[in-house]
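Notes to accompany the following structure.
This structure is a prediction, so every number in the text was calculated from the model and none was measured. The chains referred to below are lettered A, B, ... by the order of the sequence lines, with proteins before strands, and numbering in each begins at 1.
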2 protein chains.
Amino acid sequence: MENTIRKIESLGAGSETLARLIPLLQEEVFPKGHILIREGKVERSLFFLEKGVARAYLTNEDRDVTFWFGVEGDVLLSLKSYFSNEPGYESIELLEKSVVYKIPYSSLIELYQRDVRMANWGRRFAESELIKADERFINQQFKPAADRYEEFVRDFPDLIRRIQLGHIASYLGVSQVTLSRIRAGKR
Amino acid sequence: MENTIRKIESLGAGSETLARLIPLLQEEVFPKGHILIREGKVERSLFFLEKGVARAYLTNEDRDVTFWFGVEGDVLLSLKSYFSNEPGYESIELLEKSVVYKIPYSSLIELYQRDVRMANWGRRFAESELIKADERFINQQFKPAADRYEEFVRDFPDLIRRIQLGHIASYLGVSQVTLSRIRAGKR
DNA sequence: CTGTTTTTTTAACAAATGTAAAATTTATTG
DNA sequence: CAATAAATTTTACATTTGTTAAAAAAACAG
């Protein structure tokens, strides 16, 4: 569970905080294509992605739009569902056979209420996700799709091979045809 | 300071938490056009917007892109700067004469370390901002500019009159000409 | 290895959007 | 209230992007 532990520690957990969290983790293994979180349902568990790749997406009448990819060490959850106990709007699909560690919200909130270090760990977790969400948003609005594609390739070179281009195109906010044109341009 | 207090209470602060926070608030008044937070600088204060309107934006070589509007009761801060003590990438401008209440990060973090209720208040603050950021992001990617404009008008009817269309257009991710066409279509 | 299915690229055309500049409307100031 | 400045809309044209469908390439199964 090294990826998961590294993630927990990166949020400022000391050995005590870590020791409290680890017993809560329940390992689960899912096949490629498994829908971990389904839109419209309440899902009060959070998952550390130990091994595999995931995408978060919304479905429309006809098509679905991917808006996030998760890799080893990332946390998978339905924000609204997990934090506010309301039905979530997004689904999360595992794009490869994956190993996750699950924590039910109830266990976590109990620790948060009792232990100030845990509460601050949870605060830093939310803050770090917030900064990432903000950066993604700004990036999206500020840079053309071609630049974002280039950065995507630079930052996650292996994902290009692990994820279908259709998903990447919808993540970048362009049609797959446009993404093909972008790729053709870089040669 | 009713807007600020309402905001603090909406994040689950009881009377004790409120009583600890209020003494930290320093009122400041700024004229229209004041740049509250400047990109590239570290700003370790957070501001509750008691009165006024604000926009967060990034500057490019030639133009600037607005990516957020704040109204009474919203919190103004440079995320990266405030939470990570690094230079922020965004600027925040006050679009009207405004009243804000300022809290230095150092005061807040001290409370967070000592008091589990405060830490959980801070956690909920970050979580609620995270949910909003996520919704904005999804909205942006999922819906065409015309729909987003309609929602903007519906949700903030008064802002249309308080904010220049150029800022709104860049917020929606389209040129001002396109926004004019959208507006013309709705008649 | 071969046939089949899936994914990606290309082509052709229509629709939408951006740019630059002019025209109009609205706001501001003396 | 007139004069000026600022903001918004409109016009004209070029460019980009989306759509649908076909072609090519890659992945997969027997």
Please produce a list of atom pairs where a protein N or O lies less than 3.5 Å from an N or O of nucleotides 14-23 of chain D.
| residue | atom | partner | partner atom | Å |
| --- | --- | --- | --- | --- |
| D:dG18 | OP1 | A:S175 | N | 3.4 |
| D:dG18 | OP2 | A:S175 | N | 3.2 |
| D:dG18 | OP2 | A:S175 | OG | 2.9 |
| D:dG18 | OP2 | A:T178 | OG1 | 2.2 |
| D:dG18 | N7 | A:R181 | NH2 | 2.7 |

| field | Evaluation steps, side-chain hydrogen bond (donor to acceptor under 3.5 Å, both in side chains), between B:Q140 and A:Q141 | value | CA-CA 9 Å; B:Q140 176 88 351; A:Q141 187 136 350; 2.9 Å; yes
| B:Y101/B:E50 under side-chain hydrogen bond (donor to acceptor under 3.5 Å, both in side chains): CA gap, chis, key distance, verdict | CA-CA 7 Å; B:Y101 289 101; B:E50 177 62 31; 5.3 Å; no
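In this structure, B:I168 places its CD1 atom 12 Å from C1' of D:dT8, rounding to the nearest Å. The nearest whole Å value for the distance from the CG atom in A:L95 to the P atom in C:dT7 is 12 Å. Taking atom CG of B:D147 as the reference point, atom C1' of C:dA16 lies 15 Å away to the nearest angstrom.
Under the 4.5 angstrom side-chain criterion for Ile, Leu, Val, Met, Phe, Trp and Tyr, the cluster partners of A:V99 are A:V29.
Here the closest non-hydrogen pair linking B:P104 and B:S45 is CA-OG, 3.9 Å. Between A:L76 and A:I92, the shortest heavy-atom distance links the atoms CB-CD1, 4.3 Å. The heavy-atom pair separating A:V116 from B:Y112 by the smallest distance is CG2-O, 3.4 Å.
Helix bend of the helix from C:dC1-D:dG30 to C:dG30-D:dC1: the angle between its two end axes, each built from five pairs, comes to 50° after rounding to 10°.
The ring pair (Phe, Tyr, Trp, His ring centres under 6.0 Å) contacts involving residues 20-57 of chain B comprise B:F30-B:H34, where partners must be two or more places apart or lie in separate chains. Applying the side-chain hydrogen bond (donor to acceptor under 3.5 Å, both in side chains) test to residues at least two apart or on different chains, the pairs with a partner in residues 127-137 of chain A are A:R123-A:E127, A:E129-A:K132, A:D134-B:Y89, A:E135-B:K80.
Sorted by residue number, the members of residues 154-167 of chain A with any non-hydrogen atom under 4.0 Å from DNA chain C read A:Q164, A:L165, A:G166.
In this structure, A:F69 has its ring center under 6.0 Å from that of A:Y171.
Tested against B:E93 for a salt bridge (Lys or Arg N to Asp or Glu O under 4.0 Å), the candidates B:R55, B:K32, B:R38 yield a single pass: B:R55.
OP1 or OP2 of C:dT8 has not a single side-chain nitrogen or oxygen of A:R183 nearer than 4.0 Å.
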